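Reviewing the structure listed below.
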Amino acid sequence: PEQQQQQQQQQQQQQAQSTTTSPPTPQAPLSRSSISTGSVGSFLSRDDDSLPDQSRMRAGLQQLNEAIRGLPESLNRSYFEALRECPELVESESNPLWFLSFERYDLWAAARRLSTYWNWRKRLFGDRAFMPLTITGDGALSQEDIVHVRRGYFTLIPNDDDGSSVICYDPSRRTHHDKETRMRVGFYLWHCMTLNETCRTDGWVAFVLLGTSGFTTSSLDGAIRECADVVFDSFPVKLKKLHLVQCVLPGGRRTLIQMLMPVLKFVLARLMDTAVTHVADTPEKLVESLSKYGFQKEGLPKSAGGSWLYDKMYEWQLRRINLERTILRQKHYQPATPTAQQTMQHAEIQPLPTPSISTFPGTDADPFSTMGGMKLLETISSLPEGEKACFVKAFRESPVLVRTESNPLRFLECDETDSKAAATRLAKYWKHRYHLFGDKGILPLVQTGEGALTRQIMTALSSGCISVLPTKSNEPSVICYDLTKQSKLDTIALSRVAFYMLQVASENKRSQSEGLVIVTTGILEAHKSQNLLDFVDLLDAIPIRVSWIHFTHLYSSEDGNKGSLDEALKIVREKFGPLGDQKGLLHVGRSKEELCIQLESFGIRKDILPKHVGGNFGYDRFVQWQELRTRFEWGLPAGAKDHHANDIYDFSRVKPLSDLPPDERKERKRRMNVVHSRRKRERERIEIEVLQEQCSDLRQDNYVLLQDRQRLEGLLQGAERILLPRKAQRS
């Protein structure tokens, strides 16, 4: 007791001494040389690496807060705002003890670093800064940020032999140039890195791949320099080594690193003191050079001579998501937005897609008689003969069809009234249409069996490989491309179906102004499919824009036999041309519900999403859409069960059967009989497809249960390893 009293008296004296040490005034510069350490030496000397006990820790934290209060308001404002809004995050994601330990218990240095951390976090994430740093979709990172995390141009690769985290920058995987987004991605990865105690004590490793395809000097821009400033000034981690890696094949440019050295010194100025260059003409020599610094071949990317694939990155991200969700549930953090289930609880389920052609201006009147139409005709006449020949032929043989199915006003609106671009697109449209449909290209694009779509094309269309999802009339169109259903279709049949579906989607005026959304599923099928659909020419010809292309992948037990996800993704992206990189977003999940939540965050409702990504749109509703579309194209009234038909297509012009003359009445009855006959024929196909969807659901449920079983067995084995020695001791 006497010793405890003496220790308490000494602590009180030390605290009194520390309070006499005045913090720097707001006007005082906080340069390294001017930082005072007098308040620290009372409870831990600067050269002592041992950790203080809990009471001294608490005293140190109190003094740290006092030091932060002594900083200028411009530096400490965000930190104290975080303490008010989310004190639990300040403790868990920016533990002050990390900063004290990193700065060797220099209070003023730790105070400045911790305050700078929250300043950068508030600047980059805005109001979302006070939410957990997660890639679950309900934290500080938005879904768009998460998509760029999945791009992998800036990612964590396996640790080196010392256990230090390794961040790899591969500019060939970067497709966007928004500085703030890239810095948010970097901030999240450095947050993950900070959780590794080895990085806080021994340092982290940077790995820059130079000389890869897609690398230019623009890959080393101001964003990289600012990212370096963030990690150096804000995070309690230090850089151990910077590896600049270039693999040059024989005959290549060996001096790329030397050529870029002035740029590297400017952009990576604060990192270059620890830089090591690795240049080799074979992958084996590159691996040998890197092995001297604790790298194993299994932990290096293929572009650096290793065998590590980016599929491992996707798997790490899924594990990370599960871990983050577990932590969120345990700590009861509030999500940034309502859950998908809450959002969709009262959502009205609307059947079937796209507004009617008749809602567009110029359907009844001649669109070529408008100022824009006349200007477009004049521009087309100046095009080379080979480009305009198909349009001239169609305009001469069927001018009414040209006016209705290739309304020039749509092309002008799509190309923002640029008559030259619109004329080029319109000429490509008819050239591509004749190429796909031959002489039938001059017939209407309809599913009635009396137009350009032959029975063979209708069979391909009925496969559901490409479908228009049932968006509301005030929403942009959404097209689903399912690679798992195209194996039995040849490329030309697939292109014809895609042309028709894009034609239907282009009737939606919102798709022209805001852009079409494409959801692609079954990516791994790209490894074995020889007839992948090429969207480049189609999207250049149809008067429609693309806002997003969502690539989705649902992990299953069969993935290991189907090849690399990353390689398959590259193949599919190429089929969309530049849009594949510019607009392509990857979504991965271990359950359909995970994929559904990710897609919902981009405004795609659950009730219109296909069932294989967690939605409600099954093959039976696709057949329902086919029938409604046929009724509209044939001028028939909507069915009795199509309650929302008039919200999708304009059936107001359809006359009652009693008002028709006898010959038209007879023709309508014939057409109705055809529709009913098709419905009967499709019943068996619907039953088969529904059974296949149910089998797919059961396989996925089984996969999830197996994953849970393995996880629980691992926990049980871990518990047994802990308890068995204790039982042995007791016995």
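Since this is a predicted model, take the numbers as computed values, not measurements.
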**Asked** Could you walk me through whether L585 and F602 pass the side chain to side chain contact (heavy atoms under 4.5 Å, CB included) check?
**Response** CA-CA 11 Å; L585 310 176; F602 286 87; 3.5 Å; yes

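- Side-chain contact between P610 and D482: absent, with no pair of heavy atoms (C-beta onward) separated by less than 4.5 Å.
- Checked by atom type and distance alone, the side chain of E324 pairs as donor or acceptor with a backbone atom of I135 at under 3.5 Å.
- Atom NZ of K575 has more than 12 neighbouring heavy atoms from other residues, nucleotides or ligands inside a 6.0 Å radius.
- Atoms CZ and CE, on R496 and M458 in that order, are 14.0 Å from each other to the nearest 0.5 Å.
- Enclosure of atom CD in Q456 is not indicated, since only 12 or fewer non-hydrogen atoms of other residues, nucleotides or ligands lie within 6.0 angstrom.
- To the nearest 0.5 Å, atom CG of residue L502 and atom CG of residue L539 are 6.0 Å apart.
- With hydrogens and angles disregarded, no donor-acceptor distance shorter than 3.5 Å links the side chain of R510 to the backbone of S477.
- The shortest side-chain heavy-atom distance between Y619 and S462 falls under the 4.5 Å cut-off.
- Smallest separation of non-hydrogen atoms from Q598 and V588: NE2-O, 2.9 Å.
- Separation of atoms OG (S142) and NE2 (H148) is listed at 8.5 Å; rounding is to 0.5 Å.
- We find the CD1-CZ distance between I544 and R410 to be 10.0 Å, quoted to the nearest 0.5 Å.
- To the nearest 0.5 Å, atom CZ of residue F551 and atom NZ of residue K583 are 13.0 Å apart.
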**Item:** side chain to side chain contact (heavy atoms under 4.5 Å, CB included) assessment of S547 paired with E514
**Value:** CA-CA 7 Å; S547 58; E514 298 180 16; over 6 Å; no

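- In this structure R709 satisfies the side chain to side chain donor-acceptor pair (under 3.5 Å) test together with E713, sequence neighbours excluded.
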**Message:** Before you tell me yes or no, could you show the steps for F437 and L453 under side chain to side chain contact (heavy atoms under 4.5 Å, CB included), namely the whole-Å CA-CA distance, both residues' side-chain angles and the distance that decides it to 0.1 Å?
**Reply:** CA-CA 8 Å; F437 299 97; L453 301 184; 3.9 Å; yes

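- Taking the six-membered ring where the residue is Trp, the centroids of Y153 and Y310 are separated by 6.0 Å or more.
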**salt bridge (charged side-chain N to carboxylate O under 4.0 Å, His left out) between R631 and E627, intermediate numbers included** = CA-CA 6 Å; R631 287 174 178 269; E627 180 177 325; 3.2 Å; yes

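- For the 3.5 Å distance criterion, the side chains of E405 and Y429 fail to qualify, holding no donor opposite an acceptor.
- Panel note: side chain T552, backbone T520; a donor-acceptor pair is recorded below 3.5 Å.
- Environment of NE2 in H435: sparse, with no more than 12 heavy atoms of neighbouring residues, nucleotides or ligands closer than 6.0 Å.
- Under the 4.5 Å side-chain criterion, counting only non-hydrogen atoms from C-beta, F499 is in contact with R433.
- No donor-acceptor pair closer than 3.5 Å links the side chain of D607 to the backbone N or O of N616.
- Within the 4.5 Å cutoff, the side chain of M672 has heavy atoms near those of the L636 side chain.
- How far CZ of R150 is from OG1 of T155: 12.0 Å, rounded to the nearest 0.5 Å.
- The pair E633-R629 counts as a salt bridge, with a side-chain nitrogen and a carboxylate oxygen less than 4.0 angstrom apart.
- A salt bridge between D581 and R151 is present, with a side-chain N of the basic residue lying under 4.0 Å from a carboxylate O of the acidic one.
- At a threshold of 4.5 Å between non-hydrogen side-chain atoms, the residues V613 and H550 do not count as touching.
- Side-chain rings of H553 and Y555 approach one another, their centers coming within less than 6.0 Å.
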**Item:** Residue pair L309, L565: steps toward the side chain to side chain contact (heavy atoms under 4.5 Å, CB included) verdict
**Value:** CA-CA 9 Å; L309 299 175; L565 170 61; over 6 Å; no

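- A salt bridge does not link R184 with E144: none of the charged nitrogens is closer than 4.0 Å to a carboxylate oxygen.
- In terms of heavy-atom proximity, S406 sits nearest to L426 at CB-CD1, 3.8 Å.
- Distance alone, capped at 3.5 Å, places no donor-acceptor pair between the R545 side chain and the L516 backbone.
- A pairwise comparison of heavy atoms in V185 and D145 identifies CG2-O, 4.0 Å as the closest pair.
- Heavy atoms only, all atoms of each residue included: G614 and C596 are closest at O-SG, 3.7 Å.
- Judged purely by atom type and a 3.5 angstrom limit, Q486 has no side-chain atom pairing as donor or acceptor with the backbone of E525.
- Across G522 and L483, no two heavy atoms sit closer than the pair O-CB, 3.3 Å.
- Within 6.0 Å of CZ in R670 there are more than 12 heavy atoms belonging to other residues, nucleotides or ligands.
- Taking each heavy atom of L401 and P444 in turn, the nearest pair found is CD1-CA, 3.8 Å.
- Under the 4.5 Å side-chain criterion, counting only non-hydrogen atoms from C-beta, Q626 is in contact with L461.
- Two residues are said to be in side-chain contact when any heavy atoms from C-beta on lie closer than 4.5 Å; V572 and F535 fail this criterion.
- Counting non-hydrogen atoms of other residues, nucleotides and ligands closer than 6.0 Å to CG of N673 gives a total above 12.
- Between L538 and M501 there is no side-chain heavy-atom pair separated by less than 4.5 Å.
- Between the side chain of Y481 and the backbone N or O of L533 there is at least one donor-acceptor pair closer than 3.5 Å.
- D566 and S564 share no donor-acceptor pair across their side chains, judged by distance under 3.5 Å alone.
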